[in-house]
Amino acid sequence: MKASVRYAIIAAVIAGVFALRHFRDKPESPGEAQRASGRYHIPASAKAFRFGTLDFSACELERKHSGATTEAFCAPFEVPEDRARPDGRRIALKLALIESREAADDDFIVFLAGGPGQSAVNAWPQIAASLEPARKRRHVLLLDQRGTGASNPLECANDEDEDATLDFDPARITARTQACLEEVSKTADPRFYTTSDAVADIEALRQALGAPKFNLVGVSYGTRVAQQYLKRHREGVRSIVLDSPVPNELVLGGEFARNLDDALKAQFDLCKADPACAKAFPDPFADLITLRDSLNAAPRSVHFADPVTAARRERRLDGHGLAALVRLYAYTPETAALIPLTVHQSRAGNDAPMAGQLELMMQGIDELVGNGMQLSVLCSEDGDRLPAQSGRPAAKDSVLGTQLVDAWNAQCAVWPRGQRPADFNEPASGDAPVLVLSGEFDPVTPPRYGEQIVKTLANAKFILGRGQGHSIMGRGCLPGVIGRFMDKLEPAALDTSCAERLGPTPHFIDFNGGTP
């Protein structure tokens, strides 16, 4: 897959890659925690046990690029690939259980990762602190969604000549997508790797455990999974946390360009309001557009020191790479604070900061998502509604442009499509306890999405994280808020005033920080 498309897809599907560096919160008191029947108690020093029909045994979860591991219990868990053909191919899903720190109530936390394509197991080290208060009395279940992580992943090899050209080439995209399809079809039928299939797997897991209640915690794309599960299996839901949510009505990718521009302009307004920042960068958005157009007109090669190894490297810079970098850096306030300075430096002839940041962004990022898995979800659930979005004049003039949607259109013309239930795009409703979190400057799932979702939920509470970006449940006091929410299940009475202390990060004036 060529580099320009990879940039666009990576930027589109990664949910919370940078946003998962959260602050740890002090544990809250257990309050009115659920009672434990002992059904899901794990004996001290146990190396193996059975919950329902699942046999768990002690295991260690590896952490990418680290010698550290996480202690857990793992169990074999297999499902039919096509539920209409239960005697057909079966696929093994990676299932891990993180033991409750103090006790085990009769409900579980189920983490639903973003993407689509992110592994729940691999994401655990980054989100563990966010759920620490909530998991004192609840085990956490990590189930790699089919097509991700260690659950029959739909992964395709990257282009060897990925930097050869960055021009948009539909014929090349089509050929690469066809090659990817042929590769994944050796071990999977891509039609059966949709959100609906994932929801069925989650319910199969619940039944295998003996039908406990689930507290679903979804981040970004994971919030679509959570809402679809609520629509199909209300009886299995005890509570839901939606962090940086997407409404069921939304076409994934259809508003990415608008959302990024809105978030950047709102962020840059903070710079204009600060005398030192305004003096250094009078109009950051105009600078960004000018640089993008300049790089698109004349891409350039840059020699720089690798920020990790210090080895001399060479990287080609163009407008697509700049857009991908800016979009991903806009995910968190700490990296968003660097954007005006990076753009200013590049416009002044110093491309090394941008090249170094691009290098950091790309290193290891392919391990976080599966290209084929993204296509199975997007083409089945959003592909037929994308064409109406791509031709918007406003999108053509945006930082991101229409390349992402154009690429998806070309890919979905090749990729097989699974089934989408008739009511798939209807909003979630009902009286399940739901907590919705949105970041003020989220460049992909803006606060209006969260506000839209709570309108049709009778027992939901919305929290706006001021100054925050994408995936905010680990920020400030929010882990404690989530813990109290799961303990008491009273969204309307939940005290969230501590969240008002969240705020923006000052922009860097120079490489020493945000002050002159």
**Prompt:** Using the ring of each side chain (for Trp, its six-membered ring), is F56 parallel, tilted or perpendicular to F49, with breaks at 30° and 60°?
**Reply:** parallel
Just by distance, with hydrogens left out, do [X] and [Y] show a side-chain donor and acceptor under 3.5 Å apart?
X: Q118; Y: Q145; result: no
X: T332; Y: T335; result: yes
X: S398; Y: D261; result: no
X: N152; Y: Y193; result: yes
X: W415; Y: S376; result: yes
X: T195; Y: E381; result: yes
X: E249; Y: Y449; result: no

Looking only at non-hydrogen atoms, find the nearest pair between [X] and [Y] and report the distance.
X: V121; Y: D144; result: N-OD1, 3.0 Å
X: D197; Y: T194; result: OD2-OG1, 2.8 Å
X: R232; Y: F424; result: NH2-CA, 4.0 Å
X: I472; Y: Q468; result: CG2-CB, 3.7 Å
X: N248; Y: P427; result: ND2-C, 3.9 Å
X: P190; Y: L154; result: CA-CD1, 4.5 Å

Is [X] reaching over with its side chain to a backbone N or O of [Y], donor-acceptor style, under 3.5 angstrom?
X: Q227; Y: V246; value: yes
X: D306; Y: T309; value: yes
X: K94; Y: T148; value: no
X: R138; Y: M486; value: yes
X: S151; Y: G147; value: no
X: H139; Y: L97; value: no
X: T69; Y: E62; value: no
X: R224; Y: P245; value: no

So how far is it from [X] [atom1] to [Y] [atom2], rounded to the nearest 0.5 Å?
X: N296; Y: D318; atom1: CG; atom2: CG; result: 6.0 Å
X: S196; Y: Q228; atom1: OG; atom2: CD; result: 6.0 Å
X: D406; Y: I173; atom1: CG; atom2: CD1; result: 8.0 Å
X: L437; Y: I482; atom1: CG; atom2: CD1; result: 5.5 Å
X: L181; Y: C156; atom1: CG; atom2: SG; result: 8.0 Å
X: L317; Y: R315; atom1: CG; atom2: CZ; result: 7.5 Å

**Asked** Of all residues at least two apart in sequence or in a different chain, which pass the side chain to side chain donor-acceptor pair (under 3.5 Å) check with S438?
**Response** none
**Request:** Just jot down the side chain to side chain donor-acceptor pair (under 3.5 Å) partners of Q357, sequence neighbours excluded, or say none.
**Result:**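 Applying side chain to side chain donor-acceptor pair (under 3.5 Å) to Q357 gives T342.
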Is a salt bridge present between [X] and [Y], judged by a nitrogen-to-oxygen distance below 4.0 Å?
X: R420; Y: D384; result: yes
X: D189; Y: R85; result: no
X: E81; Y: R90; result: no
X: R448; Y: E255; result: yes
X: R146; Y: D201; result: yes

**Asked** Between E155 and N371, does a side chain to side chain contact (heavy atoms under 4.5 Å, CB included) hold up when you go through it step by step?
**Response** CA-CA 6 Å; E155 295 177 345; N371 292 332; over 6 Å; no
**Of all pairs that satisfy salt bridge (Lys or Arg N to Asp or Glu O under 4.0 Å), the ones with a partner from residues 204-218, not counting sequence neighbours** =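 Found E203-R206, R206-E235.
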For residues [X] and [Y], determine if any side-chain heavy atom of one lies less than 4.5 Å from a side-chain heavy atom of the other.
X: T70; Y: E60; answer: no
X: F73; Y: S57; answer: no
X: P299; Y: R316; answer: yes
X: L216; Y: R238; answer: no
X: I98; Y: L142; answer: yes
X: L209; Y: L141; answer: yes
X: L112; Y: V219; answer: no
X: L322; Y: L288; answer: yes

**Item:** Partners passing ring pair (Phe, Tyr, Trp, His ring centres under 6.0 Å) against H303 (at least two apart in sequence or in another chain)
**Value:**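 H303 satisfies ring pair (Phe, Tyr, Trp, His ring centres under 6.0 Å) with no residue once adjacent residues are dropped.
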**Request:** For F214, check ring pair (Phe, Tyr, Trp, His ring centres under 6.0 Å) against everything at least two apart and list the hits.
**Result:**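 So F214 forms no ring pair (Phe, Tyr, Trp, His ring centres under 6.0 Å) with any residue.
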**Prompt:** Listed by chain and number, what are the side chain to side chain contact (heavy atoms under 4.5 Å, CB included) partners of E71, not counting sequence neighbours?
**Reply:**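 With neighbours one apart ignored, the set is empty.
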**Message:** If you count every heavy atom of other residues, nucleotides or ligands that lies below 6.0 Å from E451 atom CD, does the total exceed 12?
**Reply:**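 Count over threshold, so yes.
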**Message:** Counting only heavy atoms not in Q178 (residues, nucleotides, ligands), do more than 12 fall under 6.0 Å from its CD?
**Reply:** yes
**Item:** Derivation of the side chain to side chain contact (heavy atoms under 4.5 Å, CB included) call for C379 and R191
**Value:** CA-CA 10 Å; C379 296; R191 295 175 300 163; over 6 Å; no
**Request:** Go through the steps to decide whether Y331 and Y329 satisfy the test ring pair (Phe, Tyr, Trp, His ring centres under 6.0 Å), and finish with yes or no.
**Result:** CA-CA 5 Å; Y331 271 47; Y329 267 44; over 10 Å; no
**Request:** Kindly determine whether D243 and L435 satisfy side chain to side chain contact (heavy atoms under 4.5 Å, CB included), including the steps that lead there.
**Result:** CA-CA 8 Å; D243 181 7; L435 188 63; over 6 Å; no
**Item:** Worked check of salt bridge (Lys or Arg N to Asp or Glu O under 4.0 Å) between R89 and D82
**Value:** CA-CA 7 Å; R89 178 161 48 198; D82 177 5; over 6 Å; no
**Request:** Tell me, with the steps shown, if V217 and M473 meet side chain to side chain contact (heavy atoms under 4.5 Å, CB included).
**Result:** CA-CA 10 Å; V217 178; M473 67 181 185; 3.7 Å; yes
